[in-house]
Amino acid sequence: MSNNKDEIDEETQEITVEGPESTYVKLVSSDGHEFYIKREHALISGTIKAMLSGPGAFQENEANEVNFREIPSHVLLKVCHYFAYKAKYTNSAAEIPEFNIEPDVALELLMAANFLDC
Amino acid sequence: MDNATKAAKINKYMKQLKNEDMRYRALEKLGQIEMSVQLLADTKVGKAVNKWACDDSVGEMASDIIEKWKVLARRAGYEESSKRTRSESPDSPPPVKRSKLRESDSQKRDESPTKKTKKESKKVAIAPSNDFDAMLAQADKIQARPKANKFHLTAADLDTNYRPLSLSKPKERPTSSHEDNHIHEDILKYRMTDRQRVFAGRKKATGMTKVETLFTLCLRTVGNNINLIEDTGDIPFYILRPVLEKCTPEQLAYIESKNPILEEDGDCLWEQHFKMKFPSETTNEEESWKYAYFRTDRQKKGDEKNKLAKLREKIGGQVVVAGSGRQAIMADATAPRHIKRRQMNNGSAFSAKPIPSALEVRKARREIFDTGNTSNLRSMSSMVNNLGGSGGGGHRTKKEPPKKKAPLMVKTLKMLNWKRK
């Protein structure tokens, strides 16, 4: 538990950002953009899941932070959107809307999706 | 969050429950905390929340939370009972569940040799619980004495806060395996007495039913926009393969020209194209499919050109040469006069002879008047001269033959004395 930043707001939710089993994890793109997303969303990706809950082989375990040196921010943003989309509509009886992907990002997103296994 | 912090939080929220303003929020937060049976027992939060289960404003939330914790406790209870053998008692399940919650009490009871009241036993228990070793020893005791806490239900044992056991089961089991005797509740949902819409048939799946992987979604998007693909970067061939298989040969050639990486592995695709287009052709040795495809393509094109040229020659030779004697010339096509006039005004008049100027026409007309010589005017375009064959030219001059009467008709008329022509 190297960084145990507990951001406690008295009135609103308690958000633990770092520390084991925190609610949120941090994904960093190649150009330095930091994305804080819910842990359960991030675990949709098999690769991230392995990185965060692996047997201590990954440093990400401790800091709950993953650095992606090959994924630019505009792609990682779309990935985070997909996590939210999937988390919302999996096991839901509601009609699932289409997930739109701009053709410009499609190729890079394809590579990222292949890497992240999601 | 470790147990100590959780417990501290729970205690905090329990205090907040007393305050009406903070009650709802406190309940919310309690619901969100990852509870364990140990925590439930230590903090007695279950009791505190249950107090508000009948309240108007927060009752629903409180009962929900209680349900959740009960499920948790039951699950833990199952785990416990699985360690012990079932043969011990015939009706073990319900009492075991109940006993798990009270186990913490009974544990402490077991400590003291004599039967004390609950409160006293609690007091005794608090001291050893501070000591870690004692806690361990306690834990061991649970394992060692499976039969210990059965149904010695004395008045002191009974929990004064009665929490009724709900009949719902743990979340893992699907609802359909609920008691078989009961009719599925959905049947009762739609009563015929209620004026509701009745649907026949199955509900159409208008949208998607399952969330697809991002990978599949991307692949589809790329496949729909093949014309926009330029530089694919480092993507290996095997990933893009489904997309490339969709391409036409031209598209494929273009993409490969931009990305040599794909060219190396992409020969199998060219094989397919080749076989599709030239099923009867064969390739030469040492020749890639792509090369073979384009070579054969060129050949075929060349062949076509030759064929066309030959055809042209054939047809050309059979054409009748001009100058066989007949020659068509344009007649002086005359339009009716009003049209001629219109044409003249419009400027689209055509005449074999040039249209004379007004002065010339006047001169020529004057000449007739003076000398009776019509030759000049006649020589002018028929648009201008009004000499010949106009005016009543359209009338019929022939005399009509008299109408022949039918002989029978004549006779009939005579009989009737009908003197009529």
Side-chain angles (χ1 to χ4, degrees), chain A residues 1 4 6 8-16 18-23 41 44-48 70-72 75-76 78-118, chain B residues 1-3 5-6 8-9 12-13 16 21-22 24-26 28-34 171 174 203-244 255 258-259 262:
Chain A
M1 276 193 269
N4 209 339
D6 274 286
I8 304 174
D9 190 357
E10 297 276 81
E11 293 302 298
T12 58
Q13 281 181 332
E14 258 178 47
I15 305 171
T16 50
E18 317 286 16
E21 296 308 312
S22 55
T23 333
H41 287 190
I44 290 172
S45 154
T47 317
I48 297 180
E70 298 149 353
I71 305 183
V75 175
L76 192 53
K78 241 357 200 177
V79 174
C80 292
H81 286 174
Y82 176 77
F83 288 154
Y85 166 80
K86 170 129 191 204
K88 177 163 182 192
Y89 290 111
T90 301
N91 297 330
S92 149
E95 246 186 67
I96 305 175
E98 197 191 324
F99 184 75
N100 288 317
I101 302 174
E102 294 295 310
D104 319 334
V105 295
L107 271 175
E108 290 167 297
L109 196 57
L110 180 70
M111 266 215 283
N114 179 51
F115 173 69
L116 292 172
D117 179 34
C118 66
Chain B
M1 240 196 292
D2 59 35
N3 270 358
T5 33
K6 274 192 199 169
K9 284 190 187 129
K12 179 175 95 176
Y13 298 140
Q16 285 181 354
D21 297 312
M22 310 188 70
Y24 190 87
R25 225 176 241 132
E28 239 181 351
K29 286 183 209 161
L30 279 172
Q32 283 167 1
I33 296 178
E34 269 180 44
K171 278 181 195 167
K203 188 175 182 184
K204 266 187 276 181
T206 45
M208 296 192 288
T209 42
K210 224 200 250 180
V211 176
E212 292 176 313
T213 62
L214 187 58
F215 186 75
T216 317
L217 290 170
C218 286
L219 215 53
R220 192 181 304 143
T221 310
V222 174
N224 289 338
N225 298 289
I226 293 180
N227 291 323
L228 301 174
I229 300 177
E230 300 261 335
D231 181 13
T232 61
D234 290 332
I235 302 180
F237 173 77
Y238 70 93
I239 292 180
L240 269 183
R241 192 188 171 129
V243 172
L244 295 172
I255 294 173
K258 292 265 174 173
N259 306 286
L262 301 173

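Every chain is numbered from 1, with letters handed out A, B, ... down the list of sequences.
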> Find the distance between CG (A:Asp104) and OG1 (B:Thr221) and round it off to the nearest 0.5 Å.
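Rounded to the nearest 0.5 Å, the CG-OG1 separation comes out at 11.0 Å.
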> Could you tell me the separation between the CG atom of B:Leu214 and the CD1 atom of A:Ile101, rounded to the nearest 0.5 Å?
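CD1 of A:Ile101 is found 5.5 Å from CG of B:Leu214.
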> Rounded to the nearest 0.5 Å, how far does SG of B:Cys218 lie from CE of A:Met111?
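With rounding to 0.5 Å, CE (A:Met111) is 11.0 Å from SG (B:Cys218).
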> CD of A:Glu102: more than 12 outside heavy atoms within 6.0 angstrom?
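No, because the 6.0 Å sphere around CD of A:Glu102 holds 12 heavy atoms or fewer from other groups.
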> Return the option, out of A:Ile44, A:Asn114, A:Asn100, with the maximum number of heavy-atom pairs under 4.5 Å with chain B.
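Most pairs with chain B among the choices: A:Asn114.
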> To the nearest 0.5 Å, tell me how far A:Leu109 CG sits from B:Leu219 CG.
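Spacing of CG (A:Leu109) from CG (B:Leu219) equals 11.5 Å.
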> Heavy-atom cut-off 4.5 Å, strictly under: side chain, backbone, both or neither for B:Leu228 against chain A?
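Just the side chain, heavy atoms under 4.5 Å.
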> Return the minimal non-hydrogen interatomic distance between B:Thr213 and A:Tyr82, and the atom names on each side.
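Heavy-atom minimum between the residues: CA-OH, 3.1 Å.
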> For atom OH of B:Tyr24, is the number of surrounding heavy atoms from other residues, nucleotides or ligands below 6.0 Å larger than 12?
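No, not enclosed.
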> Could you check B:Leu240, B:Asp231, B:Asn225 and say which one makes a side chain to side chain contact (heavy atoms under 4.5 Å, CB included) with A:Leu107?
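Checked B:Leu240, B:Asp231, B:Asn225 against A:Leu107; only one passes side chain to side chain contact (heavy atoms under 4.5 Å, CB included): B:Leu240.
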> Taking all non-hydrogen atoms of both residues, which atom of B:Ile239 and which atom of A:Leu110 are closest, and how far apart?
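Nearest pair, atom of B:Ile239 first, then A:Leu110: CG2-CD2, 3.9 Å.
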> Would you compute the distance between atom CZ of A:Phe99 and atom OG1 of B:Thr216 and round it to the nearest 0.5 angstrom?
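OG1 of B:Thr216 is found 12.5 Å from CZ of A:Phe99.
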